[in-house]
Amino acid sequence: MFESLSERLGGVFDRLTKAGALSEEDVKTAMREVRTALLEADVSLPVTRDFVKAVTRKATGANVTKSVTPGQQVVKIVHDELIEMLSGDNPNPGELKVDSPPAPILMVGLQGGGKTTTTAKLAKRLKDRNGKRVLMASLDTNRPAAMEQLEILGRQIGVDTLPIIPGQDAVAIAKRAKQQAELGGYDVYMLDTAGRLSIDEELMTQVERVRDVATPRETLLVVDGLTGQDAVTTAENFDSRIGISGVVLTRMDGDGRGGAALSMRAVTGKPIKFVGLGEKMDALDEFHPQRVAGRILG
Ligand code: GDP
């Protein structure tokens, strides 16, 4: 998912580490290349600027340029700044708050972003890895096919879904899910909200009302990682209106340039908790900033 960025940076750092003694000018030249590489990977301009500024400040200190292995030190500084950019102060992005049963998880996002698929993937993960009893409910009353899709996925992964009652609105379904989760002794219930093709007032009002009924422990935004900066803008919008606790970036198995992943934390302040890596039910990974930084720098 970061192949081209990794290739570009690999070239820059190869030259740096072979250079021996480094002048401030060498560092500046390298940072110009880092800047281009980040922008080409669709990282936002302000995030790129801040990143390059932070690295340059640390890398041009006398203790670095005059050290025995200046190139390697610069690479380490870039590595550490990448982790900082990806994770901020959240060292465990894959963790979900699912204590105090039944814990509600609200899934939000635009239509086609992968919300229903991700709801089922997460339910399966909570069941298989954490031994949780999970109930899933679709609130997409406009699209009966989406409700059926969740039911089909539920059967496939062995997770219960709330029976569909035609004609109920999203808030009524959320209330019924809560009741059923309490009565049925579930640990977690997941609400797969309706999506729209773009953000509109009706959607936001509906999600807000559902949020107020459910008081979720986690509100996860599911967004298509291939859409780059748009994914980040969508996250900003959902966060300011609904308040999200984290992001799931889908389609990271595709040939996206990775900019969404790199800008998300810095722009929204919210962590990426998981990445979707395919259509299959186990194609979901925790987002590990350390591993991602390692992969980018090769
Ligand atoms: P929703 O409208 O947001 O609920 O989106 P869906 O869950 O129905 O997903 C839309 C399409 O994207 C489906 O064909 C999914 O199989 C596919 N999809 C979801 N997540 C991923 C992912 O991480 N990688 C890939 N390649 N496809 C995905």
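For this chain, numbers begin at 1 and follow the sequence in order. Computed from a prediction, not measured in an experiment: that's the story for all the values here. Order of listing sets the numbers, starting from 1, for every ligand and every atom in it.
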Residues that Glu201 engages under side-chain hydrogen bond (donor to acceptor under 3.5 Å, both in side chains), provided they are two or more places apart:
Thr205, Arg241
Is a donor from one side chain sitting under 3.5 angstrom from an acceptor on the other, for His288 and Gln290?
no
Closest to atom 9 (O) of ligand 1 by heavy-atom distance, out of Leu226, Val248, Leu110, Thr117, is Thr117
Counting non-hydrogen protein atoms only, what is the nearest one to atom 18 (N) of ligand 1? Give residue, atom name and distance.
Arg251 NH2, 4.1 Å
Between Arg257 and Glu40, is there a donor-acceptor pair closer than 3.5 Å when you use the side chain of the first and the backbone of the second?
yes
Does Gly112 have a non-hydrogen atom less than 4.0 Å from ligand 1?
yes
Per-residue contact class, Lys121 against ligand 1 - non-hydrogen pairs under 4.0 Å:
side chain
Scanning both residues in full, the closest heavy-atom pair of Ala293 with Leu82 reads CB-CB, 4.0 Å
Using a plain distance cutoff, I'd like to know if Lys115 has any nitrogen or oxygen under 3.5 Å from a nitrogen or oxygen of ligand 1.
yes
Look at ligand 1 and say whether Gly113 reaches it with a heavy atom at a distance under 4.0 Å.
yes
Would Asp253 count as a polar contact of ligand 1, with the cut-off being nitrogen or oxygen pairs under 3.5 Å?
yes
Could you tell me whether the side chain of Arg15 and the main chain of Ala30 form a donor-acceptor pair under 3.5 Å?
no
Ile244 backbone acceptor or donor facing Lys270 side chain under 3.5 Å:
yes
Of all the atoms in ligand 1, which lie at a distance below 4.0 Å from a heavy atom belonging to Leu277?
23 (O)
Can you check whether Glu279 has an N/O within less than 3.5 Å of an N/O in ligand 1?
yes
Set of side-chain hydrogen bond (donor to acceptor under 3.5 Å, both in side chains) partners for Asp285, sequence neighbours left out:
none
Is the shortest side-chain heavy-atom distance between Leu220 and Ser245 below 4.5 Å?
yes
Enclosure of Lys76 NZ (heavy-atom neighbours >12, cutoff 6.0 Å)
no
Ligand 1 atoms nearer than 4.0 angstrom to some heavy atom of Gln111 are 2 (O)
Applying a heavy-atom cut-off of 4.0 Å, say which part of Arg143 lies close to ligand 1: side chain, backbone, both or neither.
side chain
At less than 4.0 angstrom from any non-hydrogen atom of Gly276, what atoms of ligand 1 do you find?
23 (O)
Using 0.5 Å steps for rounding, measure from the CD atom of Glu151 to the CG atom of Leu162.
9.5 Å
Gly278 to ligand 1: N or O pair under 3.5 Å?
yes
Can you tell me if Gln149 has a non-hydrogen atom under 4.0 Å from ligand 1?
yes
Quick test: of every protein heavy atom, which one is nearest to atom 5 (O) of ligand 1, and how far off is it to 0.1 Å?
Gly114 N, 3.1 Å
